Amino acid sequence: MKLNAKIPEPIGFQLTPMLDVVFLLLIFFVVTQKFILNEQDLNVEVPTAAGNEKDASRAIDEVIINAREVIENEPNEKIRAADIANGRQPGELVITINRTEYKLENLDQPLRNLVTLNAKQPVCIRADKDMRWEKVVKVVEACTSAGVYNVRFKKVMPGENGAAAAKPVAP
């Protein structure tokens with residue numbers, strides 16, 4: 001038996017490329033999670049409008065305001081049950097920002113806080129397609145009174161059927 005014989009190197013699995021891929025996937029999921037959390041109110045059915053892909057782009061620091069109006073004969077049982085449980089009356093606005101619900105009267109303060117951080121704060125209003133325009137105008141007025149002037153409206157492209165394009169179906 002020779003003592004100085006070469007031991008063959010084991011054929012192994014290269015961890016460096018695998019770790020690179022895992023970290024890239026992790027970064028991708030963390031970034032996309034931010035967008036998912038901002039559009040969490042899937043009870044809002046966004047209207048469809050013509051346009052191009054350029055219109056669909058959004059700013060990185062854009063704040064999304066979800067707005068829907070409580071209707072008396074809500075066809076979705078889950079939404080109707082949530083409205084009854086929270087004591088909402090027909091015609092009342094349900095406004096959410098980052099999964100936090102606000103009354104129209106209290107919407108001013110969180111928007112002012114955003115404007116103090118960024119004077120050109122972009123805001124996207126996701127208004128329900130069945131909402132009356134007078135209610136949408138009140139949300140826009142709350143934005144402008146807080147100093148937010150970079151406002152746009154969310155729309156769904158024709159043929160697009162993402163999670164935010166349709167109301168959840170009751171089981």
Side-chain angles (χ1 to χ4, degrees), residues 28-76 78-168:
F28 173 75
F29 289 127
V30 168
V31 169
T32 57
Q33 181 66 20
K34 180 185 183 311
F35 297 132
I36 291 169
L37 289 176
N38 287 340
E39 294 187 5
Q40 199 65 30
D41 190 359
L42 297 179
N43 297 331
V44 175
E45 188 175 348
V46 181
T48 303
N52 57 27
E53 292 299 321
K54 184 180 174 188
D55 294 339
S57 65
R58 65 188 268 189
I60 293 172
D61 59 344
E62 183 176 60
V63 173
I64 298 178
I65 300 174
N66 296 292
R68 72 175 180 86
E69 186 176 2
V70 176
I71 57 175
E72 190 170 342
N73 298 321
E74 175 64 55
N76 188 318
K78 284 185 178 180
I79 297 172
R80 187 176 343 116
D83 288 342
I84 292 170
N86 290 319
R88 297 182 187 127
Q89 300 299 319
E92 184 178 339
L93 274 176
V94 179
I95 300 170
T96 56
I97 302 174
N98 291 336
R99 295 187 298 171
T100 304
E101 193 171 309
Y102 295 95
K103 297 268 186 199
L104 184 63
E105 306 82 43
N106 303 335
L107 188 59
D108 190 59
Q109 190 56 45
L111 293 175
R112 284 189 192 278
N113 292 343
L114 291 170
V115 171
T116 58
L117 297 174
N118 181 3
K120 296 180 180 181
Q121 177 65 49
V123 170
C124 177
I125 297 176
R126 292 184 70 237
D128 192 82
K129 73 174 190 173
D130 297 327
M131 205 165 130
R132 292 180 291 177
W133 263 105
E134 66 183 271
K135 302 285 184 171
V136 176
V137 168
K138 288 182 181 182
V139 175
V140 173
E141 286 174 348
C143 290
T144 56
S145 70
V148 176
Y149 298 105
N150 190 358
V151 177
R152 73 179 188 95
F153 293 95
K154 174 70 176 162
K155 67 178 180 179
V156 176
M157 301 296 211
E160 185 178 349
N161 57 357
K167 289 186 180 181

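Computed from heavy atoms alone, side chains included, the values below leave out hydrogens, waters and symmetry copies. Owing to the predicted nature of the structure, the values given are computational and were not obtained by experimental measurement.
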### Query
Below 4.5 Å, heavy atoms only, C-beta onward: do I95 and E101 meet side chain to side chain?
no
### Query
Is the shortest heavy-atom distance from the side chain of L111 to the side chain of I65 under 4.5 Å?
yes
#### Entry: Shortest non-hydrogen contact from Q121 toward V148
O-CG1, 3.7 Å
### Query
Does the distance from a Lys or Arg side-chain N to an Asp or Glu carboxylate O, for D128 and R68, drop under 4.0 Å?
no
## Note on the structure
In short, R132 meets G91 closest at the heavy-atom pair NH2-CA, 4.3 Å
### Task
Please examine the side chains of I97 and I64, heavy atoms only from C-beta on, and report whether any two atoms are closer than 4.5 Å.
no
### Task
Report yes if some heavy atom in the side chain of E69 is under 4.5 Å from a heavy atom in the side chain of E92; otherwise report no.
no
### Task
Check whether any side-chain heavy atom of I71 lies under 4.5 Å from a side-chain heavy atom of D130, and answer yes or no.
no
#### Entry: Sole residue of K135, E134, K129 in side chain to side chain contact (heavy atoms under 4.5 Å, CB included) with M131
K135
### V63 side chain reached by L114 side chain, heavy atoms, under 4.5 Å
yes
### Query
Do you know the tightest heavy-atom contact between V115 and A146?
CG2-O, 3.7 Å
### Message
As an exercise, state the distance from CZ of R88 to CD of E74, rounded to the nearest 0.5 Å.
### Response
11.0 Å
### Query
What pairs of residues pass the salt bridge (charged side-chain N to carboxylate O under 4.0 Å, His left out) test when at least one of them lies in residues 110-123, not counting sequence neighbours?
D108-R112
### Task
Could you tell me whether the side chain of K103 reaches within less than 4.5 Å of the side chain of N106, counting heavy atoms only?
yes
### Message
I want to check something: taking the side chain as every heavy atom from C-beta on, are Y102 and T96 in contact at a cut-off of under 4.5 Å?
### Response
no
### Query
Is there a donor-acceptor pair closer than 3.5 Å between any side-chain N or O of K138 and the backbone N or O of L93?
no
